[in-house]
Engineer: 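My questions all concern the structure below.
When a ligand or atom number is given, it counts from 1 through the structure's own listing order. Values in this document were obtained by computation on a predicted structure and should not be read as measured data.
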Amino acid sequence: MPIKAILTDIEGTTSAVSFVFDVLFPYAAKHLPDFVRQHATRADVAEQLAAVRRDNNEPDADVERIIEILLGWIAEDRKATPLKALQGMVWEQGYQAGQLKGHVYPDAVEALKRWHQEGFKLFVYSSGSIQAQKLIFGCSEAGDLSPLFSDYFDTTSGPKREAQSYQRITQAIGLEAAQILFLSDIVEELDAARTAGMATCGLAREGGELAGHVTVDSFARIDPSTF
Ligand SMILES: CSCCC(=O)C(=O)COP(=O)(O)O
Ligand SMILES: [Mg+2]
């Protein structure tokens, strides 16, 4: 069945792991405490603070305790939906102030533009919140790439290592799973997408193999017509 849509991961796939770990996460760790203190009663922030209390089973946690929990989650790279939502809000301030510019590999920019022009529908699936995804592509070093994408999916569709998440995304996209090519640098994500019936391609930017999946080191080597 020919590929009609491409669903891509961000960290380690379109964008450098070092940008996420050395720029985005430290920025969030630095600015999140004051952001939470200042906006704790704002409806969208309060909703995420309530979710942290629920997820950590600490119904009485005050704002300072929640900040402590969130900083711990950043340090351990926990893909918790409330942390991801709050990080997106903090990064928005950084992008708006011109302190952050999204990193997207030039080969990814070139291929995404070409595939879009060729008629492939492009989608993103990342543990980063949809807001964070729109920012990294909308305020990228290569300019505003957001017109390339038809839709974005985050952990509200489920964890990235579970096949059911890819089934939900397939339903939302409205194609057969076999018509969707999923790109990622994590073998467990590729395995889950394949279990859901998607075609897969691994990105190993430093070289090597993602066991059991076609693996490339650059978007320039991906030809959707061969999957
Ligand atoms: C959307 S940029 C921030 C990336 C992020 O927070 C993250 O956890 C990366 O997860 P991914 O699923 O893109 O590997
Ligand atoms: Mg990744």
Side-chain angles (χ1 to χ4, degrees), residues 6-32 35 48 55 70-96 99-105 107-109 112 122-142 144-146 148-149 151-162 165-166 168-169 181-193 198 200-206 208 210 213 215-219 222:
I6 297 163
L7 174 68
T8 185
D9 166 57
I10 295 180
E11 179 193 304
T13 302
T14 61
S15 306
V17 173
S18 60
F19 174 67
V20 176
F21 275 82
D22 300 340
V23 178
L24 288 182
F25 287 174
Y27 187 94
K30 182 172 177 195
H31 296 281
L32 186 135
F35 176 85
Q48 301 309 328
D55 286 7
L70 289 166
L71 293 178
W73 287 356
I74 292 175
E76 67 185 60
D77 188 21
R78 179 96 66 103
K79 307 294 190 189
T81 302
L83 168 64
K84 293 290 147 190
L86 291 164
Q87 280 178 325
M89 296 176 203
V90 172
W91 292 329
E92 182 180 36
Q93 297 188 331
Y95 283 107
Q96 277 177 353
Q99 294 165 337
L100 295 173
K101 280 255 178 251
H103 174 266
V104 185
Y105 287 109
D107 58 81
V109 174
L112 290 166
L122 304 180
F123 299 89
V124 181
Y125 182 29
S126 168
S127 301
S129 68
I130 288 172
Q131 181 184 28
Q133 298 173 26
K134 288 180 175 171
L135 288 164
I136 197 171
F137 290 114
C139 308
S140 89
E141 289 163 357
D144 180 6
L145 303 175
S146 60
L148 301 177
F149 296 102
D151 211 348
Y152 303 81
F153 302 94
D154 63 12
T155 53
T156 59
S157 293
K160 292 183 74 187
R161 298 180 186 204
E162 287 182 11
S165 309
Y166 298 84
R168 285 192 199 102
I169 291 171
L181 174 62
F182 177 59
L183 314 179
S184 175
D185 62 324
I186 303 290
V187 73
E188 290 87 350
E189 296 176 4
L190 295 166
D191 290 345
M198 290 184 185
T200 58
C201 179
L203 268 291
R205 292 204 168 260
E206 309 293 327
L210 287 156
H213 301 272
T215 306
V216 296
D217 61 3
S218 161
F219 273 49
I222 303 171

Engineer: Is atom CD of Glu206 surrounded by more than 12 heavy atoms (other residues, nucleotides or ligands) closer than 6.0 Å?
Structural biologist: no
Engineer: Is there any N or O on Ser129 that sits under 3.5 Å from an N or O of ligand 1?
Structural biologist: no
Engineer: Give me the ring orientation class for Tyr125 and Phe182: parallel if the planes are under 30° apart, tilted from 30 to 60°, perpendicular past 60°.
Structural biologist: tilted
Engineer: Can you tell which part of Ile186 has a heavy atom less than 4.0 Å from ligand 1: side chain, backbone, both or neither?
Structural biologist: neither
Engineer: If we count only N and O atoms by modelled type, under 3.5 Å, do the side chains of Thr8 and Thr13 hold a donor and an acceptor together?
Structural biologist: no
Engineer: Considering the heavy atoms of Trp91, write down every atom of ligand 1 situated less than 4.0 Å from one of them.
Structural biologist: 3 (C), 6 (O)
Engineer: Between Phe149 and Tyr152, what is the ring plane arrangement, given parallel below 30°, perpendicular above 60°, and tilted in between?
Structural biologist: tilted
Engineer: For ligand 1, which atoms, with element, lie under 4.0 Å from some heavy atom of Ile10?
Structural biologist: 1 (C), 13 (O)
Engineer: Within ligand 1, which atoms have a heavy atom of Ser127 less than 4.0 Å away?
Structural biologist: 8 (O), 10 (O), 11 (P), 12 (O)
Engineer: Purely on distance, is any nitrogen or oxygen of Glu189 under 3.5 Å from one on ligand 1?
Structural biologist: no
Engineer: Ignoring waters, how many N, O or S atoms from the protein are under 2.8 Å from the Mg ion (ligand 2)?
Structural biologist: 3
Engineer: N/O to N/O below 3.5 Å, does that happen between Tyr125 and ligand 1?
Structural biologist: no
Engineer: Within the structure, does Glu11 bring an N/O atom to less than 3.5 angstrom of an N/O atom in ligand 1?
Structural biologist: yes
Engineer: State the atoms of ligand 1, each with its element, that fall below the 4.0 Å cut-off from a heavy-atom position in Lys79.
Structural biologist: 7 (C), 8 (O), 9 (C), 10 (O)
Engineer: Heavy atoms only, cut-off 4.0 Å: how does Phe19 contact ligand 1, side chain, backbone, both, or neither?
Structural biologist: neither
Engineer: Identify, by atom number and element, the atoms of ligand 1 in contact range of Lys84, meaning under 4.0 Å from any of its heavy atoms.
Structural biologist: 5 (C), 6 (O), 7 (C), 8 (O)
Engineer: Could you tell me whether Asp77 and ligand 1 have an N or O pair separated by under 3.5 Å?
Structural biologist: no
